[in-house]
Structure formats: C-alpha cells, structure tokens
Amino acid sequence: GDFGGHLSESPTTRTSPKHTHTHSQMKIVHVPCLQDNYAYLVIDDLSRDAAVVDPVEPDRVIEAAQTHAANIKFVITTHHHWDHAGGNNAIKTLVHGIKVYGGALDNVQGCTDEVQDGMEIILGESIRIRALHTPCHTKGHISYYVTDVHGGEPAVFTGDTLFIAGCGKFFEGSAEQMYGSLCQKLASLPPNTQVFCGHEYTLKNLRFALEVEPNNLAIKRKLDWAYQQQKGNMATVPSTIREELEINPFMRVQSQSIQDVTGYSSPIKALAELRRMKDNWKG
C-alpha cells in the first residue's frame with residue numbers, strides 16, 4: 001500500500017514485497033535502506049509491539065512502524081559495521097527509552113544490552129527472539145532466530161553471515177568459524193525457517209553459484225526467479241534454510257560437486273577456497 005509508494009521516492013528502487021509475511025501473530029516488514037541494505041520490523045500483531053533489526057536509516061524505519069501502527073520497543077543489531085549499527089544513536093534520540101541489543105564481542109554503536117549466544121528476548125505477547133553467535137564476518141556477529149508461540153514459520157535475521165546463495169566476507173574470522181556459523185549453527189535450524197539477510201546481493205550470489213555448480217537446477221530456477229523479482233523492483237528476501245542448503249555453495253561444502261570444484265575434500269578447506277574464488281570473481 002502507501003508504504004510501497006513512499007519507497008519509490010527514495011534513492012533505492014526496491015519496494016517491499018506487496019504482502020507482509022504473516023505467521024500467526026508475527027509480521028515481518030522489509031525496510032530497504034541505503035544502496036542495498038535491509039532493515040526489518042518484527043511486529044507482534046496482538047500487542048502492536050515491534051523490534052527493529054539494523055535500523056541504519058531510523059526515519060524510514062519509524063515511518064514504516066507508523067504505517068503498520070506498531071510501537072518500536074527495541075533494536076536488535078546483527079554486527080558493528082556502520083551500515084547496520086550506524087543508526088543506533090539516532091534512533092535512541094527519536095524513540096524515547098528504546099533498548100539496543102548487540103553482540104557482547106562487537107562493540108555495537110549505542111548498545112544498551114549486550115547479548116551472548118543462546119540469550120532470549122521476548123517481544124510483545126508471544127514472540128521469542130534467540131541470539132545465535134555467528135562469528136567470522138565480525139567477531140561478535142549475532143543472528144536472531146525468531147519464533148511465535150502460536151506457531152507459524154520461524155524466521156532468522158542473519159545480517160552479513162548468511163546471504164541468499166552467499167555469505168559475508170571473512171573480515172574478522174576464519175573459514176573454520178564461518179563453517180561453524182553457517183554449516184552447523186544456521187544449517188541446523190528448522191528447514192522452513194525464513195532467512196532475512198542484511199543485503200540484496202542475491203542476483204550476484206546466484207550468478208557465482210551457477211558458475212560453481214552449472215548443473216544445479218535449483219540454482220538455475222532461483223536465478224530466473226531473481227531476475228523477475230529485480231525487473232519488478234521486488235525483494236528476493238526471504239528464502240528458507242531448506243532452499244539455502246540446495247542453492248548456497250557456501251552451505252554445500254560437504255557436497256561432492258563443491259569439493260570437486262574447489263579441489264578439497266575437507267569442508268572447511270573447501271569453504272576457504274570458495275570464499276577466495278568469490279573474492280576474486282569478476283562476475
């Protein structure tokens with residue numbers, strides 16, 4: 001509705017998906033920011049309480065909350081990089097008494113409450129937000145796993161650890177850490193968990209994925225779909241954990257095809273090599 005209209009006047013052309021994802025009482029709203037970032041509102045429909053993920057442009061996020069008649073209660077920050085945490089001080093001046101959660105190891109701007117692996121935050125009547133420490137891109141990177149006691153599909157906000165068909169650069173960690181974060185911790189979430197990542201990098205990621213696995217039909221189908229989404233200025237987020245295990249080369253390092261193309265039968269070495277290939281890729 002009118003929310004989509006607001007976005008067309010902004011520097012970014014990506015509109016929010018026309019439908020919001022309604023799982024029982026939980027509603028998730030995309031808020032495109034900057035060039036290709038996503039902030040998100042997580043709204044508890046019963047109480048109208050909302051959490052906001054990585055509100056780098058607070059004005060946009062607050063406007064989205066007003067459109068959806070939601071009251072922002074707190075911020076959950078995935079990591080310290082400015083394009084994710086850079087709006088935290090500003091939103092504290094705009095929303096009185098707001099809490100800002102961030103990873104204990106990440107020195108997040110404006111952080112009022114540090115989170116560790118496994119900590120739970122409650123939103124509204126029925127929404128639970130569990131912090132998952134997913135280090136590598138940054139030392140203290142947190143992904144947030146969100147469930148509603150009324151059921152519906154769970155969601156995970158993966159920041160710059162897991163992208164659709166990709167993963168973040170290993171700025172502050174090793175391939176071993178990314179393997180633990182991506183292929184163990186995130187891969188073990190329920191397969192229907194919806195994946196909401198920090199950037200719209202999907203097309204580029206899928207083009208690389210298809211070069212790595214040219215015979216992977218799931219990647220081909222997803223790439224065709226992503227081109228259509230882009231044509232309509234539509235978001236490609238979310239995917240699901242089930243889908244990522246089929247299309248994301250970085251989560252497929254146990255597969256023969258990825259081990260063959262990287263030349264390593266060790267999944268961790270294959271992951272390191274895949275990241276090196278992607279960093280040097282001119283696609």
Side-chain angles (χ1 to χ4, degrees), residues 16-17 19-31 38-55 64 68 70 72-79 84 101-103 115-135 137 141-168 178 180-200 202 218 222 235-248 250-252:
S16 268
H19 63 293
T20 44
H21 305 276
T22 308
H23 339 241
S24 51
Q25 308 303 328
M26 174 165 67
K27 187 192 277 175
I28 295 170
V29 179
H30 301 58
V31 186
Y38 285 117
Y40 299 98
L41 281 173
V42 184
I43 304 169
D44 171 42
D45 257 348
L46 288 178
S47 63
R48 309 309 302 164
D49 287 352
V52 51
V53 184
D54 292 352
H68 290 272
I72 298 172
K73 295 293 182 189
F74 55 84
V75 169
I76 49 180
T77 313
T78 59
H79 63 296
H84 297 264
Y101 293 92
V115 295
Q116 317 259 7
D117 189 56
M119 275 179 61
E120 284 211 336
I121 307 161
I122 305 293
L123 172 67
E125 310 282 320
S126 62
I127 294 172
R128 293 173 179 272
I129 302 172
R130 191 164 87 233
L132 305 176
H133 184 213
T134 49
H137 184 71
H141 192 295
I142 302 285
S143 299
Y144 294 92
Y145 176 67
V146 187
T147 53
D148 186 330
V149 297
H150 299 107
E153 290 155 328
V156 65
F157 295 91
T158 57
D160 289 3
T161 293
L162 168 59
F163 295 122
I164 297 183
C167 74
M178 188 56 93
S181 295
L182 211 57
C183 305
Q184 291 175 324
K185 202 166 270 187
L186 293 172
S188 66
L189 294 175
N192 67 336
T193 304
Q194 300 207 47
V195 175
F196 292 90
C197 55
H199 292 269
E200 184 61 67
T202 307
K222 187 76 173 176
T236 61
V237 179
S239 67
T240 63
I241 292 292
R242 181 186 289 111
E243 213 177 351
E244 291 306 314
L245 293 169
E246 292 178 357
I247 65 172
N248 190 324
F250 298 94
M251 290 185 90
R252 293 173 54 74

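All of these numbers come straight from a predicted model, not from anything done at the bench. Computed from heavy atoms alone, side chains included, the values below leave out hydrogens, waters and symmetry copies.
Of the inter-residue distances, the one linking Ile43 atom CD1 with Arg48 atom CZ reads 6.0 Å to the nearest 0.5 angstrom. In this structure, Met26 CE and Glu153 CD are separated by 8.5 Å, a value rounded to the nearest 0.5 Å. In this structure, CZ on Phe250 lies 8.5 Å from CG on Leu182, to the nearest 0.5 angstrom. In this structure, NZ in Lys73 is found 9.5 Å from CG in Leu123, a value given to the nearest 0.5 Å. The distance from atom CD1 of Ile122 to atom CD1 of Ile129, rounded to the nearest 0.5 Å, is 8.5 Å. Residue Ile247 holds its CD1 atom at 5.0 Å from NZ of Lys222, rounded to the nearest 0.5 Å.
Asp45 places no side-chain N or O within donor-acceptor distance of the main-chain N or O of Lys27, the cut-off being under 3.5 Å. No donor-acceptor distance shorter than 3.5 angstrom exists from the side chain of Tyr145 to the backbone of Gly118, with no hydrogens or angles considered. A donor-acceptor contact shorter than 3.5 Å is absent between the side chain of His79 and the backbone of His137. Between the side chain of Thr77 and the backbone N or O of Tyr101, at least one donor-acceptor pair lies under 3.5 Å. Looking at Thr240, its side chain does come within 3.5 Å of a backbone N or O of Glu243 through a donor-acceptor pair. Listed for the Glu244 side chain is a donor-acceptor partner under 3.5 Å among the backbone atoms of Ala165. In this structure a side-chain-to-backbone donor-acceptor pair under 3.5 Å is present from Asp148 to Gln25. Panel note: side chain Ser181, backbone Pro135; a donor-acceptor pair is recorded below 3.5 Å.
Of all heavy-atom pairs spanning Leu162 and Gly166, the tightest one is CD1-O, 3.7 Å. The nearest pair of heavy atoms linking Ile164 to Pro238 is CD1-C, 4.2 Å. Of all non-hydrogen atoms in Leu186 and Ile241, the two that sit nearest each other are O-CD1, 3.5 Å. Considering every non-hydrogen atom in both Tyr38 and Cys197, the closest pair reads CB-O, 3.9 Å. Annotation for Pro55 and Ala39: closest pair CA-CB, 4.1 Å, computed over non-hydrogen atoms. Gly168 and Met178 get closest at one heavy-atom pair: O-CE, 3.5 Å.
The side-chain heavy atoms of Asp160 and Thr78, taken from C-beta on, include no pair separated by under 4.5 Å. In this structure, the side chains of Val42 and Tyr144 stay at 4.5 Å or more apart for every pair of heavy atoms. The side-chain heavy atoms of Val52 and Leu41, taken from C-beta on, include a pair separated by under 4.5 Å. Contact of the Ile28 side chain with the Phe157 side chain is registered, since non-hydrogen atoms from C-beta on lie closer than 4.5 Å. Taking the side chain as every heavy atom from C-beta outward, Phe74 and Ile121 approach each other to under 4.5 Å.
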Stepwise side-chain contact (heavy atoms from CB on, under 4.5 Å) test for Met119 and His133: CA-CA 10 Å; Met119 275 179 61; His133 184 213; over 6 Å; no
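Every pair passing salt bridge (Lys or Arg N to Asp or Glu O under 4.0 Å) that includes a residue from residues 119-135 is listed here, sequence neighbours excluded: Glu120-Arg128.
In this model, a donor atom of one side chain and an acceptor atom of the other lie less than 3.5 Å apart for Ser143 and Thr134.
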